[in-house]
Structures are given as C-alpha cells and as structure tokens.
Q: 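Can you read through this structure? Questions will come right after.
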Protein chains: 2
Amino acid sequence: MKQVTIYDIAKEANVSVATVSRVLNNTAPVKDSTRSKIMRLIDEYQFQPNALARGLSKKETGTIGVILPDVTNPFFPEVFSGIERMARDMGYTFFLCDTIGDYERESQYLNILREKQVDGIIFLGGRINLSKCKPELVDEVVETANRIPLVLVNGDLPGTSLYRVITNESKGAEIATQYLIDSGHRDIAFIAGNDNMTTTAQKVRAFKRIMKRNGLHVSGERVLYGDFSMASGERLMNRILSNEDRPTAVFCVNDFTAVGALKAAMKAGIGVPDDISIIGFDDIPLASAIYPELTTVKQQMDILGATAVQVLHKLIMKENVKKLTVIEPELVVRESTLSRDAIQ
Amino acid sequence: MKQVTIYDIAKEANVSVATVSRVLNNTAPVKDSTRSKIMRLIDEYQFQPNALARGLSKKETGTIGVILPDVTNPFFPEVFSGIERMARDMGYTFFLCDTIGDYERESQYLNILREKQVDGIIFLGGRINLSKCKPELVDEVVETANRIPLVLVNGDLPGTSLYRVITNESKGAEIATQYLIDSGHRDIAFIAGNDNMTTTAQKVRAFKRIMKRNGLHVSGERVLYGDFSMASGERLMNRILSNEDRPTAVFCVNDFTAVGALKAAMKAGIGVPDDISIIGFDDIPLASAIYPELTTVKQQMDILGATAVQVLHKLIMKENVKKLTVIEPELVVRESTLSRDAIQ
DNA sequence: TCGGCAATTGTAATGGGTTTCACTTTCGCT
DNA sequence: AGCGAAAGTGAAACCCATTACAATTGCCGA
C-alpha cells in the first residue's frame, strides 16, 4: 500500500509536479481548468502531502516543542491549553515533552526537538528552579535558543537573556497580602515553597514589604518553607496550628499548598474561614472545586500560554519582540477568607 | 547559519556518507579507527541528524499522535503520563492533540497526523460519546486505522473492530455498589452522567444489577442523570438533599461529579461521611486533595496509558495483539464513606 | 602464493516534496 | 500589427538522510 505522491497526481493530470505543488500551496497562479482538474484528482486519490518531505525542503515544519516538568500538575495543562488555542489557528502542532522535573531529560528533549526540526520551543519553567540547575544545561538551553526561537514561561536563567513571558508574582503576592490586611488581619503567616527558588524569594520579599509598609511585624516563625506540595502545606499548617499563638490568616505560595493547609485546618477542627483565613496562588481548577472555595491570586495561565505563542511566533517570523512580557495576576475572592473588620 | 549535514562530516572525515550513516545507526561494521574519527567530528561539529530526512527515507518517524478531548481534565494528563513513561524508552515522541471535544477537530488532527507520518495514534475517547458522533468521523477513524496503527482508549466505535484498551467500568460500578451495601447502606442513590453515553449506561446497569442481587430496590428517583461535571454533581446532590427521604449513600459516575456532590452536602450542612456517604469513580488527584478525601473506584490511568502504548507498539511491529485489553479498576477506600453497620 | 570469505567502504538511487530559472502563451495597449 | 508584461508551466536542482549494490581490501587456510 504505497503512499500516493505528488508525482502520481502530476502524471495523472498530465502536468508537472511543480504545478501540483503550486495549487497545493497557492504559491503561483495556475489556470482555472488545470487547478480544478488537479483538485479533483487530489480528492479522488485522497492525496495527502508528506509533511516530512515538505518540511525537509521548506525548512519549516509547523511544529512547536513544548517542554514542561509535569503534565500531571494542573498548572501546566492550563498553560498548554492556552498555547494550543492560540497556535492551532496559526497551523502549529505540538510535541509535548514531559521532563518529570529531570534536568537530564530536559537536555535530551532539547536534542530531540532540534533533530525534529521544530520551528520553535516553549519552555515552561514553572516552579522548577532553573537558576539552580547544572551549568551544562544552561549552556544547552542558550545554545538551543541561538539556533531555534525559544521562549521561557515563568522561568529564568540568570546570566542569560532569553525571551521570557512571566507572571508578575511579586505583584500578586503584594495584592494578596494587602487584601488580607485590608480585611483586618494583623497576624498573617506565609507558607512558602523551597527557599532556594526565585518564586519563593520574590513572594516572601513582597509579603514582608507590604506587611512592613502597613506597620505590621513579621516574626521569623511566620514564614515557613516547604516544597510547593499539598503534603508540605498540610504539614506546615499543622505546625502553625500547634502553636497556641495562631495567626488569623495564612497566605500560601501556591494553591496546592493552600489546599493542603486547608485540609489540615479542617482535620484539626479549625473552621475556614471562620477561625482562620487561607489564600492561595495560581487559581488552578482545584481551587474552586473544594469547599470552601479557595480565595487565591489568579495566574492567567491560558493568557500566559497564548502570549508565549505570540512571542514565539514573532520570533519565528523574525519580527521584533520585547525580551520580557509580564502578565498581571489578579485577586479572586472566594470563600476561604473572611473580613476581620468586625472582630478587630 | 547552515545546518551541519552528514555530507559535511563525511567530507571532513574523508569517507562516504554511507559510512557516517553506518556509525550513526550501528547498522554495519566500521573499522575502529574510522569510527572514532567520525565520532570525534560529529562531536566537534555538534552534528545532529535531521529527523525529517531520516523519517523520509526510513518511513518511520518515532512519533506517536495522542488525541484527547481536553488536556485540562485531569483524567487525561494522567493517562498521557502513563503513555509517556512507557513510550519514552522506546524512543517515541508525542504530538499532543486537544480536540476540545470537537468532532471537527478530531478529523482535522487525524489528517495532520497522517501527513506528519506518525508511526501510530492513540485516541483517548474518554468520556466523549464516540458512538453518537457523525458517521463521517467513524469512517475517518476506521480509514485512518487501516493505514496507521491506532489504539482506542476507553472508547468504542460501534460497528467497527478497532484495537482497544479499556477500563472495566461495569466491574468498577459493581464493586462500588457492593462495597456500599456491605457497609450497611440500603438506600443508595446514583448520580450518573449523560444518559446517552455508554459509560453511564454501563454503570447504571451494574448499579441496579448489584442492588437487585442484594434484594434492594432502586426507585426511579434514585438514579439522576447529569453531565459528568462538578456543577451537575452539585445540582443533583441538592435535589437529593431537598427530598425529606434522603439516601444514606451516593455513588457518583465520576470524581468530578462526586466532588460537586460533596460540596453541595457540605454547604447544606450535611456531614460527609457522617450523615451521608459519597463514592466517586476514577481517582483523579483531586479525589485525595479534598477534605474529606474521596472514596472512589480507581481507574489505573497510568496503566491504561502504558498498556495502550504496548498494544500500539506491537501493532507497529506487526506483532500479534488482542483486539481488546481490559484493565481492572479497584476500590480505594478513603474518608467520604462510612460503615452503617452500627446504625442498621 | 592463490582462491575465498569476511570486513570495510563507496556510488548512486531513493524518499516526496519545494523552488529557481527558463520558456511558452496570452493579454493589454499603442 | 507589434511589443512588453503577466500568466502559466516544466525541467531539474535541492533538502538530508538511508540503503541496495558494487567494489575494494585484508586475512585465512591450502
């Protein structure tokens, strides 16, 4: 069962392959009668051009590689969904590469994508700490970016200047903190992620900054470091609750952590939001799936993805783009926070 | 910046491209000195073979297309993750195609994947009712399956005989029902999905069968039809609760629905599992993220994915495979169900 | 020293498109 | 009618690998 080729169509239509190619790509005028004859044959033979051959000669494949650390983490599918929606109409298809957080695999995938001649790469750094990874990988990424358009989403490689699309996480943390304070909270704890990651550092800094600006003190034990997981949220919340001097609100570095914290509170019989308010970050679907629904800072993940595509597309088209694009997060007030005005 | 080709390497090494190709693919003996000389050059020039060219001549691309209805639904990333883990070591890369439940797009993607010369296709039917879709699409899928190895996961196209990997959903529903009964429940409600979908029909049938087998009656109003969404779970649970005659347990067609139901109960001040037990289906991560953690029937999504890959791989290798592979689900008891033994 | 087989290596065809360049028609206009 | 421009088309090179087939070399035992 051999594949029908452009040659078969050409022969059948008594024209050259060039002409068939022209009607296929609309790249030059073709007489109407010729065109329709060819189209009929294409239809009849169910001819489908071989994308490999096309890619080989055009040096463009209409394919984009998306690298992410974990498909199973709801954050990424949301971003991917934004990428897809935006790029599909541009005619792109996607290689999805899940590195399961393994730098080794990142580098492997980078190679594979180059070999497959993708038109561009979107690298979802997400919560992974790119700044701590092996220098070889940094080189590898930079090297790749020199040859293929590459956009980093929510990540950074210090010492390099790659194209990036990021959420303004500092701003988000500021908004969340200020919101809690405006709601009357005075004693607020922050459950952070790994302390060596920039996303944690940024948020901690923002948190302290706003507290200070409002004349509030942040004692050392009110900032707890974990690892972004639900489990760590649960564990750290338990630590907070075991203390007789309990804060009235807890700000979590991400929704996963917040959900863990929430669970810990419920299990301990502490009412949320009545006894303690909890606020998360990201607004993954999970946030509104639970009870009480989580107040959180929404990262517009679909927009993050869509924007990354736009930037990448411009790079591919060799148009001018800003190196850095910042997406603003927004507060989503739901049920896990309560105003303290009454009780102050 | 022209790409380094096998010709460049060959010329530099004073050998023919054939020889270079041979060391690249280890397809014939090459003298050690020659080999190492070539390897050194490959390294030095950072030569990477062009996968398009290779695919074109080998007629195999090491690429698999995965079609699914919604990346954003946690069920699918889980399956995808299983696919990836299994297939990566076999050297495959994946095109991820999200149809957002649109039949039009399914057909588009099928075409694109054919053009891109994928080695095989994994079609995640999931909760989408393939049996109701347009006949053209059925033809399209069958037609594709005739040309390219194709495996259907958790789906079916009546009137066709495609290779399939499915979860034994009937069995799962039986187990769940029996478990509730064994726990002492006598009055159980079932919140189903759309009534025209096979997955719903199968589970409803299994539910009634087991109830009957245990001498229990299922009144008409104890089976409610929704649409698999959280919202419908919430709505239908409210309906159940508005009735003064309330069941002691509710079995939900999937976890999403169950989470909605759980939320409705909590909001209504009905304790779970103290006042009412709830059991779900799938065991998506969400199930164990909420409080109380959801008792559910686990679909082994990673195994589903991994198995699909194994079947597909055998098809690609033209080995013999069974048309149908069934994965057995298993009960996961957590916190949302309670034994009624005491109160009976 | 010679035939024969294995080990190495090269030549050229092949896979299926796109595209440059050149050539032939066909028009529009003067 | 005559001319230049535009339309329409084809031949052949090119993209970058793999591979069938052929050729050469090296080493063995006789």
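So that the names make sense, note that chain A is the first sequence line, chain B the second, and so on, each numbered from 1.
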Q: By the 4.0 Å heavy-atom rule, please label B:Q48 as base, sugar-phosphate, or nothing.
A: sugar-phosphate

Q: Without decimals, in angstroms, what is the distance between B:N50 CG and D:dC16 C1'?
A: 6 Å

Q: Counting side-chain heavy atoms from C-beta on, which of C:dT9, D:dA17, D:dC15 comes nearest to B:K31?
A: C:dT9

Q: I need the NZ-P distance between B:K116 and C:dG16, as an integer number of Å.
A: 18 Å

Q: Can you check whether B:K59 has a side-chain N or O nearer than 4.0 Å to OP1 or OP2 of D:dT18?
A: no

Q: Which side chain to side chain donor-acceptor pair (under 3.5 Å) pairs, counting each pair once, include a residue from residues 316-325 of chain B, with sequence neighbours left out?
A: B:S161-B:K323

Q: Between atom CG in A:L24 and atom C1' in C:dT18, what is the gap in whole Å?
A: 11 Å

Q: Verify side chain to side chain contact (heavy atoms under 4.5 Å, CB included) between B:Q299 and B:I327, making sure each step is shown before the conclusion.
A: CA-CA 8 Å; B:Q299 284 209 54; B:I327 309 293; over 6 Å; no

Q: What verdict does the side chain to side chain contact (heavy atoms under 4.5 Å, CB included) test give for A:I64 and A:V118, after you've listed the backbone C-alpha separation in whole Å, the side-chain angles of each residue and the deciding distance to 0.1 Å?
A: CA-CA 5 Å; A:I64 290 177; A:V118 296; 5.8 Å; no

Q: Please state how far atom OH in A:Y7 lies from atom C1' in C:dG16, giving the value in whole angstrom units.
A: 7 Å

Q: Respond yes when some side-chain nitrogen or oxygen of B:T34 is under 4.0 Å from OP1 or OP2 of C:dT9, and no when none is.
A: yes

Q: Would A:K116 and B:T63 satisfy side chain to side chain contact (heavy atoms under 4.5 Å, CB included), going step by step from the backbone distance to the final call?
A: CA-CA 10 Å; A:K116 302 235 179 200; B:T63 297; 2.9 Å; yes

Q: Would you indicate, yes or no, if C:dG15 has its OP1 or OP2 atom less than 4.0 angstrom from a side-chain nitrogen or oxygen of A:Q3?
A: no

Q: Got a list of side-chain donor-acceptor pairs under 3.5 Å for residues 89-96 of chain A, not counting sequence neighbours?
A:
residue: A:Y92; atom: OH; partner: A:H313; partner atom: ND1; Å: 3.0

Q: Please determine, for the side chain of B:K58, which listed nucleotide (D:dT18, C:dG10, D:dT9) has the closest atom?
A: D:dT18

Q: Expressed as a whole number of angstroms, how long is the span from A:N26:CG to C:dT18:C1'?
A: 15 Å

Q: Would you say a side-chain N or O of B:S16 is under 4.0 Å from OP1 or OP2 of C:dT9?
A: no

Q: Apply side chain to side chain contact (heavy atoms under 4.5 Å, CB included) to B:T167 and B:N154, showing your working.
A: CA-CA 6 Å; B:T167 292; B:N154 267 19; 3.7 Å; yes

Q: Should the side chain of A:R22 and the base of D:dG10 be counted as holding a donor-acceptor pair, with the cut-off at 3.5 Å?
A: yes

Q: C:dG16, C:dT11, C:dT18: which one has an atom nearest the side-chain heavy atoms of A:A53?
A: C:dG16

Q: Among C:dA7, C:dG17, C:dA12, which is the nearest nucleotide to the side chain of B:P29?
A: C:dA7

Q: Judged by each residue's nearest nucleotide on DNA chain C, which is more toward the 5′ side, A:V4 or B:N14?
A: B:N14

Q: Using whole Å, report how far CG of B:L52 lies from C1' of C:dG16.
A: 12 Å

Q: Quick check for you: among D:dG8, C:dT19, C:dG10, whose closest atom lies nearest to any side-chain atom of A:A18?
A: C:dT19

Q: Give the nucleotide from the list D:dC15, D:dA20, D:dT9 with an atom nearest to the side chain of A:S57.
A: D:dC15

Q: Measure from the side chain of A:V17, starting at C-beta and using heavy atoms only, and say which of D:dT18, C:dT18, C:dT9 lies closest.
A: C:dT18

Q: Between atom CZ in A:R35 and atom C1' in D:dA7, what is the gap in whole Å?
A: 12 Å

Q: OP1 or OP2 of C:dG10 sitting under 4.0 Å from any side-chain N/O of B:T19?
A: yes

Q: Could you tell me how far apart A:L56 (CG) and C:dG17 (C1') are, to the nearest whole angstrom?
A: 8 Å

